[in-house]
K.L.:
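Below is a structure I'd like to ask you about.
Because the structure is a prediction, the values reported are computed rather than measured. Proteins come first, then strands; the chains are lettered A, B, ... in the order of their sequence lines, and each starts at number 1.
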Amino acid sequence: MAFEPSSSSVNPHHRSPEYNALLLAGPRLGPLKQAHARLVVAGHGRSLPLTTKLATLAVAAGASSYAHLLAASHPAPDSFLYCTLTRAAAHRGLPAAALAFYRCLLAAALPFSSFAFTAVAKACADMSALRAGMAMAGEAPDSATFVATLSACAQAGALDLGRELERRIVSERMDMSVFLGAALVNMYVRCGLVNKAREWFDMLQERNVVTWTSMIAGYGMHGHGHDAIKLFHLMRREGPPPNDVTFVAVLSACAHAGLVSEGRDAFATMKTVYGLVPRAEHYCSMVDMYGRAGLLDDAMQFIRDSIPGEPGPEVWTAMLGACKMHKNFNLGVEVAERLIALEPENPSHRVLLSNIYALSGKMNHVEKVRNVMIKRRLKKQIGYSLIEIGGIAHLFRMGETSHPQTRDIYQYLEELICRITDAGYVAETDSVLHELEEEEREFTLRYHGEKLAVAFGLMMSTGSTDPIRIIKNLRICGDCHLAIKYMSAVENREIIVRDKHRFHHFKDGKCSCQEYW
DNA sequence: ATAGGGTTAG
């Protein structure tokens, strides 16, 4: 046992039984309330540090309203308290609570701190509410603020804002830390400009494993598997040692580009050369890689022989996707049933099962699955597509009618559909056939969010040659994929769609994914 | 005494 440094004896509060009780309770509401009671009895109810620690743990326990009560009932809450709670809520994936704590900070006229900003930026990105975040932008932003904001742009796909930040970083000659460099690379990757990301990557003075991994993952996401592998080999020669995350990126890149032998090599290298232990994500990518390539037997054999213990639901989900892609209905049904047994409350498994039944023509089974879903109140996720025009994000759900230019957008789309139909587009009219896992089917395919967003983008930029960029929260459906290919041809425009898993670059009637999604 | 930022699957 190492010698314990004496720093704790300098700060007697570290040893206070109340503080220890809080640490011991951890992020669990019951024990926290007991520790709270003890703290009050001991007469420390007004201690700000203890209140802060207690409230922060309450947020971590998911009890943000309890934390709210604690903060609000303190006679003199400080900026630190609300900054910390903002951060804790954003960290816990509670963006609305994060913004609420930030509002308390503003309402109490407490001094603003860039610590709060980084948390608010994350919260806003989680809610796709970048404009709310930017409406804050207060004190002179520091490097960490830029990193957090770039990260928010990356998540939201907000290219215009990302470019604006880049301009400021360059013009203010900001110190290009390894954090800032990686954030820039990642922003460009996730906003669809993989070449621009590479330019930054090459320019950076300092690159660590995260920078390399971001760039490799970027190539993978854009379907440039060979570039991903090339960069990975360069990394092995000249860069830092790859870590487990790097290998997730490499394997995923192989899966999305059909590079089976390269992926198999990387998986072996990971274990033998770098001594890394594969996790669920790695197994999942391997199964996905075999599955996408149509090697369903290899995928099943990998699951049987190479995955220790019981494979998790992620692995079976990848397998199910492969069954659906390659129309192996019997295996698909078997896998789907296994998945439903593992995760009965997850609606997407049932949607996939119903799709498989639909594809194999067993409509009575489809009905049965849907009835179970209705009975259990399992709802699918709602799909939406975003397009940024002049720095403003426009959101389209299926059959969206709330946009002020709705009438014009639908008219433009109707005309566009006529023109692509003349060019040979035939809608894949059997709707169940195109319904991907979570997509609602109440609205016709004709008015899927991505079609509306593309129509809006084209309508707002006639005469321009800039690519149209769409961000979608779910996977793009087969019919939209087909329609957008035609749209790119008849409009002679590049259309870039980021879906839940990857990028599709549509140009001259073709897509960069080569139907490999 | 309590506090920030960049990477990964389906």
K.L.:
Specify the residues of residues 263-281 of chain A, ordered by number, for which at least one heavy atom lies under 4.0 angstrom from an atom of DNA chain B.
P.N.:
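A:Arg279, A:Glu281 - these, ordered by number, are the residues of the stretch whose heavy atoms sit under 4.0 Å from the strand.
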K.L.:
Can the ring centres of A:Trp212 and A:Phe232 be said to be less than 6.0 Å apart?
P.N.:
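Centroid distance A:Trp212-A:Phe232: not below 6.0 Å, so no.
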K.L.:
Please tabulate, for the side chains in residues 181-194 of chain A, all donor-acceptor contacts under 3.5 angstrom to protein atoms that are two or more places apart in sequence or on a different chain.
P.N.:
{"from": "A:Tyr188", "atom 1": "OH", "to": "A:Glu166", "atom 2": "OE1", "distance (Å)": "2.6"}
{"from": "A:Tyr188", "atom 1": "OH", "to": "A:Glu166", "atom 2": "OE2", "distance (Å)": "3.3"}

K.L.:
Taking 4.0 Å as the cut-off, does a side-chain nitrogen or oxygen of A:Ser151 come that near to OP1 or OP2 on B:dG6?
P.N.:
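Yes, such a contact exists.
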K.L.:
Output yes when at least one side-chain N/O atom of A:Ser252 is less than 4.0 Å from OP1 or OP2 of B:dT8, else no.
P.N.:
no
K.L.:
If only side-chain N and O atoms of A:His256 are considered, is one of them under 4.0 Å from the OP1 or OP2 phosphate oxygen of B:dG10?
P.N.:
yes
K.L.:
Which part of the nucleic acid, if any, lies within contact of A:Thr211, taking any heavy atom under 4.0 Å across all strands shown: a base, the sugar-phosphate backbone alone, or nothing?
P.N.:
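A:Thr211: base contact, heavy atoms under 4.0 Å.
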K.L.:
What's the closest nucleotide to the A:Cys284 side chain, out of B:dG6, B:dA9, B:dT2?
P.N.:
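Looking only at side-chain atoms, A:Cys284 lies closest to B:dA9.
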K.L.:
Is there a side-chain contact between A:Arg190 and the phosphate of B:dT8, meaning an N or O under 4.0 Å from OP1 or OP2?
P.N.:
yes
K.L.:
Check whether the side chain of A:Ser143 and the base of B:dG5 form a donor-acceptor pair under 3.5 Å.
P.N.:
yes
K.L.:
Hey, does the side chain of A:Arg87 come within less than 4.0 Å of B:dA3's phosphate (OP1/OP2), counting only N and O?
P.N.:
no
K.L.:
Using a heavy-atom cut-off of under 4.0 Å over every strand shown, decide if A:Val185 touches base, sugar-phosphate, or nothing.
P.N.:
nothing
K.L.:
Look at the side chain of A:Asp142 and the base of B:dG5, then say whether one donor and one acceptor between them are separated by less than 3.5 Å.
P.N.:
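When only heavy-atom distances are counted, A:Asp142 does not reach the base of B:dG5 through any donor-acceptor pair under 3.5 Å.
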K.L.:
Just distance, no hydrogens or angles: give the donor-acceptor pairs under 3.5 Å from side chains in residues 308-321 of chain A, sequence neighbours left out.
P.N.:
{"from": "A:Thr317", "atom 1": "OG1", "to": "A:Pro313", "atom 2": "O", "distance (Å)": "2.7"}

K.L.:
Quick one: label A:Met289 by what it contacts on the DNA or RNA (base, sugar-phosphate, nothing), any heavy atom closer than 4.0 Å.
P.N.:
nothing
K.L.:
Any side-chain N or O of A:Asn186 below 4.0 angstrom from OP1/OP2 of B:dG6?
P.N.:
no
K.L.:
Is the distance between the ring centroids of A:Phe179 and A:Phe146 under 6.0 Å?
P.N.:
no
K.L.:
What class does the angle between the rings of A:Tyr219 and A:His224 fall in, given that below 30° is parallel, 30 to 60° is tilted and above 60° is perpendicular?
P.N.:
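The arrangement is tilted - the two ring planes meet at 30° to 60°.
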K.L.:
Give, for atom NE2 of A:His74 and atom CG of A:Leu48, the distance between the pair rounded to the nearest 0.5 Å.
P.N.:
4.0 Å
K.L.:
Using the six-membered ring for Trp and the full ring for Phe, Tyr or His, decide whether A:Phe179 stacks on the six-membered base ring of B:dG6 (centres under 5.5 Å, planes under 30°).
P.N.:
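By the stated criterion, A:Phe179 and B:dG6 do not stack.
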K.L.:
If you round to the nearest 0.5 Å, how far is CG of A:Asp142 from CG of A:Asp175?
P.N.:
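Interatomic distance, A:Asp175 CG to A:Asp142 CG, rounded to 0.5 Å: 12.0 Å.
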K.L.:
Looking only at side-chain atoms of A:Ser214, point me to the closest of B:dT2, B:dT7, B:dG10.
P.N.:
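Nucleotide nearest to A:Ser214's side chain: B:dT7.
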